[in-house]
Amino acid sequence: MSKDIFVFVEQRDAKLQSVGYELIGEAASLAQDLNQQVVAVLIGDKVGHHAEELIAYGADKVLVVDDPILGEYMTEPYAKAMTAVIKEKEPEIVLFGATSIGRDLAPRVSARIKTGLTADCTALRIDPETKLLMMTRPAFGGNLMAVIWCKTHRPQMATVRPGVMQPMERDESRKGAIEHVNVAFSESDKTVEILEVVKKTRTAADITQAKCLVSGGRAMGGKEAFGMLRELADLLGGDVSASRAAVDSGWLNKERQVGQTGKTVRPDLYLACGISGAIQHVAGMENSGTIIAINKNDTAPIFGVADLGIVGDLTLILPKLRDAIKKAREKGVNYTAPSSEQYVGMENILYHVQNDIAYLTINRPRQMNALNRKTLQEISSVADKLKNDDSIKVLIVRGAGGRAFVAGADISEMQNMNEAEGREISLMAQEVFVKIKELPQIVIAAINGFTLGGGNELAMACDIRIASSRAKFGQPEVNLGLIPGFTGTQRLSRLVGSGTAKQIIFTTDMLSAEEALRIGLVDAVVPPEGLMRTSRDLALKIMSKSIKAIKLAKKSINEGMPLEFSQGLLVENDCWTKCFAEDGDGYEGMSAFVEKRKADFSKAPKRV
């Protein structure tokens, strides 16, 4: 019977490549859904000493094939070794990096095993019902994303592009098994003879390792304009990259191309200048920590994945941005940019307003956006600001980076707390989440990854929850000797029922986005690349209605739900009655219906 998820760990000159760590991290997530183990397959000459390192990064077991013939990569010996391992161990899933080696090796192995292979995947997940691996990859020139299943053959095999997944944090305390697998090689396995290995010297920095990227597209207009981007990148301590259109125009070399046919990057900051946001480009940068987009077209798709969007002329905006950065570097933390009232950057969150929609981003991607006391205080201050701001109609809450919405509370801050301190942090979080729940604005959670513990409790405080298909939900507190204490025991049971809530809390099982949708924990599941676009479209749709009526409906639901039915009806009647008040929208809405015209709720109510 097929079991476990195998990862081919690529090494060159006996040095492990980063894609191996990334795939082990993703395999660990998939393995939780299957209740199976992660097995790293390490092939080479004198490479066994790396096995402990792979266990520290998430492997439960390491299989080592060690032989002098494997010193330099050659197709036949490596294919023979990998095939032998798969035939002996019969894994459920096998993952390769979509590198030059992986793209050469994986199809040959799949042919020998007589199974399918999905190449260049951008997302992997387990179907909650069939337990099959759902492999997402670009199709039809990258114009759509196809989800591919392998129903009848094993193992299920895929190659994944470097930079798409994130490695786990290194944990030296992890324990695992190491097994050496013997494969009988002969001289006939050397179908080619390597006469010399000539190593290519890099002429440019590796953009996949950059902490900040300033990227230009077709709208930059020419090669000379990239000088401004280089200046910005230098000020920010980053590097310059480009879209395919800019590379095809000869403005930058291919090594700096981001996207489906270029490189997948994950910097802390990605500044997209004059890039429209075609799906091919977004596939290569959507998991960046913070994305800022500048484009003159306010409907450009790039704004669908951006944390902050600036609509305007690049030639005017970039010099002002350069000057502001220079002043900020000179004056330090006391510098305040002019006209910054609509954008607030705090220590752990980002807050900005665009077209009457507010965006609150939990901005601790390195800590998977974990909630600490400072983050809760900052969320609270934003809630206080919004409470009396009638100009904001909708608030969208999201997490920075692609790995987590909020992966729970910051355990490192809480581990030494006493009872009084534990009570205090719980009361603080409960108060903050109640503030979010009671905001007059409609609050949408755009959920883009791990949503665990306090993160799930924050999401439940929102009115509507839109989840990426990559999202995972759970309340893992009892694993730590805790219980959900940020409103979780009360709100979860009211949302999905006490029985389901108890099962989620008692077992600590992690739920896929589809399972969360089935039980009513979320309201919609969308592809990762469509998450922000869907959330924004929903916000705009809500804003096209009577905001006064929507706020009254929210008030009626929120205040009436905890009450007896008859008491809830009194709340509903009170809210209904206010629709007929002088400042209500009822008269305009009903008049428009009778007169067969579109209601205009933007005007002050006027009765004839």
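Every heavy atom of this structure was used, including side-chain atoms; hydrogens, water molecules and symmetry mates were not. Residue indices begin at 1 and follow the sequence shown.
Rounded to the nearest 0.5 Å, atoms CG (Asn448) and CG (Leu531) are 6.0 Å apart. Atom NE2 in His281 sits 6.0 Å away from atom OG in Ser243 (nearest 0.5 Å). Rounded to the nearest 0.5 angstrom, Ile126 CD1 and Ile93 CD1 are separated by 4.0 Å. Atom CD of Gln367 is separated from atom CG of Asn348 by 8.0 Å, given to the nearest 0.5 angstrom. In this structure, Ser276 OG and Phe303 CZ are separated by 11.0 Å, a value rounded to the nearest 0.5 Å. Within the model, atoms CG of Asn479 and OG1 of Thr507 stand 9.0 Å from one another, a figure rounded to the nearest 0.5 Å.
With hydrogens and angles disregarded, a donor-acceptor distance shorter than 3.5 Å links the side chain of Gln11 to the backbone of Ile43. A donor-acceptor contact shorter than 3.5 Å links the side chain of Arg174 to the backbone of Ala59. One N or O on the side chain of Asp60 and one on the backbone of Val38 form a donor-acceptor pair closer than 3.5 Å. Side-chain N or O atoms of Arg465 include none that pairs as donor or acceptor with a backbone N or O of Ala445 at under 3.5 Å. Of the possible polar contacts, none joining the Ser535 side chain to the Met532 backbone as a donor-acceptor pair under 3.5 Å is found. Formation of a donor-acceptor pair under 3.5 Å by the Glu457 side chain with backbone atoms of Gly454 is found in this model. At distances below 3.5 Å, not a single donor-acceptor pair connects side-chain atoms of Asp268 with backbone N or O atoms of Cys212. Within the 3.5 Å criterion, the main-chain N or O of Ala184 finds a donor-acceptor partner in the side chain of Lys80. A donor-acceptor pair under 3.5 Å is formed between the side chain of Asp4 and the backbone N or O of Gln37. Remark: the backbone N or O of Lys15 is not paired with any side-chain donor or acceptor of His50 at under 3.5 angstrom.
Contact check for Ile178 versus Ile55: side-chain heavy atoms found under the 4.5 Å cut-off. The side-chain heavy atoms of Phe405 and Leu458, taken from C-beta on, include a pair separated by under 4.5 Å. Residues Ile357 and Leu540 have side chains in contact (heavy-atom distance under 4.5 Å, counting atoms from C-beta outward). Side-chain contact between Leu521 and Met460 is present, with heavy atoms from C-beta onward closer than 4.5 Å. At least one side-chain heavy atom of Leu63 sits less than 4.5 Å from a side-chain heavy atom of Lys89. By the 4.5 Å heavy-atom criterion applied to side chains, Met285 and Ser215 are not counted as neighbours. Val94 has its side chain out of reach of Thr115: every pair of non-hydrogen atoms, C-beta onward, lies at least 4.5 Å apart. Here the side chains of Lys3 and Glu90 are not in contact, with every heavy-atom distance at 4.5 Å or above.
Under the side-chain hydrogen bond (donor to acceptor under 3.5 Å, both in side chains) criterion, Glu52 pairs with no residue at all, not counting sequence neighbours. Judged as a side-chain hydrogen bond (donor to acceptor under 3.5 Å, both in side chains), and not counting sequence neighbours, Asn295 has no contacts. Residues satisfying the side-chain hydrogen bond (donor to acceptor under 3.5 Å, both in side chains) test with Gln475, not counting sequence neighbours, are Asn456, Glu477. In this structure, the ring pair (Phe, Tyr, Trp, His ring centres under 6.0 Å) partners of Tyr78, at least two apart in sequence or on a different chain, are Tyr73. Scanning for side-chain contact (heavy atoms from CB on, under 4.5 Å) contacts around Thr264 gives Arg161, Val164, with sequence neighbours left out.
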* Mind running side chain to side chain contact (heavy atoms under 4.5 Å, CB included) on Leu452 and Met510 for me, showing each step along the way? => CA-CA 8 Å; Leu452 309 174; Met510 202 176 299; 4.2 Å; yes

* What's the verdict on side chain to side chain donor-acceptor pair (under 3.5 Å) for Thr99 and Glu10, showing C-alpha distance, side-chain angles and the deciding distance? -> CA-CA 9 Å; Thr99 61; Glu10 185 176 324; 2.5 Å; yes

* Before giving the answer on side chain to side chain contact (heavy atoms under 4.5 Å, CB included), spell out for Tyr57 and Val9 the whole-Å C-alpha distance, their side-chain angles and the decisive distance to 0.1 Å. => CA-CA 12 Å; Tyr57 275 97; Val9 178; over 6 Å; no

* CA sep, side-chain torsions, deciding dist, call: Leu95, Leu124, side chain to side chain contact (heavy atoms under 4.5 Å, CB included) -> CA-CA 10 Å; Leu95 304 178; Leu124 302 171; 3.8 Å; yes

* Asked: Between Cys150 and Leu133, is a side chain to side chain contact (heavy atoms under 4.5 Å, CB included) present by the stated rule, with each step listed?
  -> CA-CA 7 Å; Cys150 183; Leu133 178 65; over 6 Å; no

* Asked: Is there a salt bridge (Lys or Arg N to Asp or Glu O under 4.0 Å) between Glu53 and Arg170 once you walk through the steps?
  -> CA-CA 8 Å; Glu53 183 77 357; Arg170 192 176 189 278; 2.6 Å; yes

* Run the numbers on Arg364 and Asp410 for salt bridge (Lys or Arg N to Asp or Glu O under 4.0 Å), then give the verdict. => CA-CA 11 Å; Arg364 304 184 75 207; Asp410 192 333; 3.2 Å; yes

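Smallest separation of non-hydrogen atoms from Ile275 and Gly216: CG1-C, 3.7 Å. Across Thr375 and Ile349, no two heavy atoms sit closer than the pair CG2-CG2, 4.1 Å. Between Leu42 and Val47, the shortest heavy-atom distance links the atoms CD2-O, 3.2 Å. The shortest heavy-atom contact between Val183 and Ala84 is CG2-CB, 4.0 Å. The nearest pair of heavy atoms linking Tyr359 to Arg536 is OH-NE, 2.8 Å. Pairing each heavy atom of Ala400 with each of Asn363, the nearest pair is CB-OD1, 3.4 Å.
Within a 6.0 Å radius of CZ in Arg244, other residues, nucleotides and ligands contribute 12 heavy atoms or fewer. Residue Glu179 qualifies as enclosed at atom CD: its count of foreign heavy atoms under 6.0 Å is above 12. Annotation for Lys46: atom NZ does not count as buried by contact number, only 12 or fewer foreign heavy atoms lying within 6.0 Å.
Salt bridge Glu76/Arg112: present, at least one basic N to carboxylate O contact under 4.0 Å. Ion pair Arg125/Asp33 not flagged as a salt bridge, since none of the NZ, NE, NH1 or NH2 atoms sits closer than 4.0 Å to an Asp/Glu carboxylate oxygen. No salt bridge links Glu22 with Arg266; every basic N to acidic carboxylate O contact stays at or beyond 4.0 Å.
Tested against Leu213 for a side chain to side chain contact (heavy atoms under 4.5 Å, CB included), the candidates Val240, Ile207, Leu271 yield a single pass: Ile207.
Residue pairs satisfying the ring-ring contact (aromatic ring centres under 6.0 Å, His included) criterion with at least one member in residues 88-116, sequence neighbours excluded, are listed as follows: Phe8-Phe96.
Under 3.5 Å, the side chains of Asp206 and Thr208 contain a donor-acceptor pair of N or O atoms.
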